[in-house]
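Everything numeric in this text was worked out from a predicted model, so none of it was measured. A note on names: the letters A, B, ... follow the listed sequences, proteins ahead of strands, and every chain is numbered from 1.
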Amino acid sequence: MLTLLDLGVLRSVEMEDDVVVASITPTYLGCPAMATMRDDLVHRLNDAGFGRVEVRVQLDPPWSSDWITDRGRRALRENGLSEPGNVGRSVGLSLGPTRRNLYCPRCGSPRTRLLSEFGATACKALYRCDECLEPFEHVKEI
Amino acid sequence: MNDDLFGGDSSQWAFGTDFEDPLAGVDTTMVDDVVADDLALYCLGLADDALIMSQRLSEWCSRAPEMEDDVALANLALDLLGQARLLLARAAAASPSVVPVLPEGSPVPPEDALAFFRSAGQFRNVRLAEVPGGDFAHVIVRLLLFSVARRELLERLRGSRDQVLAAVAARGVKEVSYHRDWSARWFLVLARGTGESRRRLISALDELWPYQAELVRCGAVDLALADAGVGVDPTTYAGAVDAVLGEVFATSGVERPSRGPLAGVGGRLGRDGVHTEALSLLLAEMQVVARAHPRGRW
């Protein structure tokens, strides 16, 4: 299972008096899953016996795909997603296609092709494997 | 909060179910020596640019040349909507007087009130964002001009003394870098594609170029906030914007357009509430449901 902690979205969980305070950082500012993540946290903490829960949004520092843990990366692969590489320092204008050294999460082939920089959600790009011909999603470096 | 979201009947809610304060837990304390109304106006400008661009991009849902680009355009729109939401909330927190007053008991949060209940003259977006869409080349040119300038702005705004602006900028600069690269690559493809794609690209560039200067113009509010270390004076990155555009034009073999900037009215431009009639039509569509149901229920 891929957890919010594995994704680096959950930043901290602390007790303040008798309130559990959890801080989460959105992957993208427009991430539509924020409310769902927050509700999931509240429910899981309630189920674990913590009645008073507060979820805070922490915008700074901004989320980075580098925060995804090793366990999270393994979970991404197991679920057919390609994990992000390290975030490069350069942010100069890129006029060529984005180059990434990827492996197909299904068959492991390095022969992959970028279909679109934007997949079903803002945080993913769409690829296809030239070996097994299956499309797959790649979690972007950001 | 816990189960309020589920206990209340949210099915008839017109503005989505997530109506918590998007700035909850974020430090919104005012920086010393900044006038609250100035900060609110500054945030409204940056928010409205993103909101109106987002609306224009959303209009392309299901109309792009390929499904992948449909998805890309929707994602770009969502990124900008996210930026707009936080900036509108920041404007409201800085100066509640900018938020339109709604009927007693209306549960509409301030950022939605600002988006859906202001009229055209109260919007502070640059006019580039509002001009009606044309063909796909038009989308690409508009997005390129917009995202090149916005990226330079956000890059510099990361050092803002205002915590919200700094946080939005730190996150937004990475998002907008993708927007810029995506549009720049399409610019190249269209310029080097067929005679027809090139003709359309150059025609769109010629049409939109007069709106470009507004992106790097410095108004009184920009200057006041730049002086306080909270905002950025756009003229400080005009050169950087020019260099990036120059690189795209040179690589594409497209000449820099020669048309001069679009005039304002008595020196007033989009940031001052002067707009083309296209904004009113855009708002009519964007706001109609919210305005018909200001209490959020029907």
Smallest separation among heavy atoms of [X] and [Y], with atom names:
| X | Y | value |
| --- | --- | --- |
| B:Lys174 | A:Trp63 | NZ-O, 4.3 Å |
| B:Leu78 | A:Pro32 | CD2-CD, 3.9 Å |
| B:Leu188 | A:Leu95 | CD2-O, 3.7 Å |
| B:Glu175 | A:Ile142 | N-CD1, 4.2 Å |
| B:Asp79 | A:Ala122 | OD1-CB, 3.9 Å |
| A:Phe118 | B:Val71 | O-CG1, 3.7 Å |

Heavy-atom pairs under 4.5 Å with chain B, option from A:Leu115, A:Leu59, A:Asp60 with the top count: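 The residue among A:Leu115, A:Leu59, A:Asp60 with the greatest pair count is A:Leu59.
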If you count heavy-atom pairs under 4.5 Å with chain B, which of A:Thr27, A:Thr36, A:Val21 comes out on top?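 Sorted descending by pairs with chain B, the first entry is A:Thr27.
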By a 4.5 Å heavy-atom criterion (distance strictly below it), what part of [X] contacts chain B: side chain, backbone, both, or neither?
| X | value |
| --- | --- |
| A:Thr25 | neither |
| A:Ser23 | neither |
| A:Pro61 | neither |

With a cut-off of 6.0 Å (strictly less than), are more than 12 heavy atoms of other residues, nucleotides or ligands near [atom1] of [X]?
| X | atom1 | answer |
| --- | --- | --- |
| A:Asp18 | CG | yes |
| A:Arg100 | CZ | yes |
| A:Arg113 | CZ | no |
| B:Met30 | CE | yes |
| B:Phe249 | CZ | yes |

Under 3.5 Å, is there a donor-acceptor pair between the side chain of A:Glu117 and the main chain of B:Trp182?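 No; zero donor-acceptor contacts below 3.5 Å.
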Which residues from residues 64-80 of chain A are near chain B, with near meaning under 4.5 Å between non-hydrogen atoms?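 Listed by number: A:Ser64.
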Which of residues 162-173 of chain B get closer than 4.5 angstrom to chain A, counting heavy atoms alone?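 From residues 162-173 of chain B, the residues near chain A are B:Ala167, B:Val168, B:Ala170, B:Arg171, B:Gly172.
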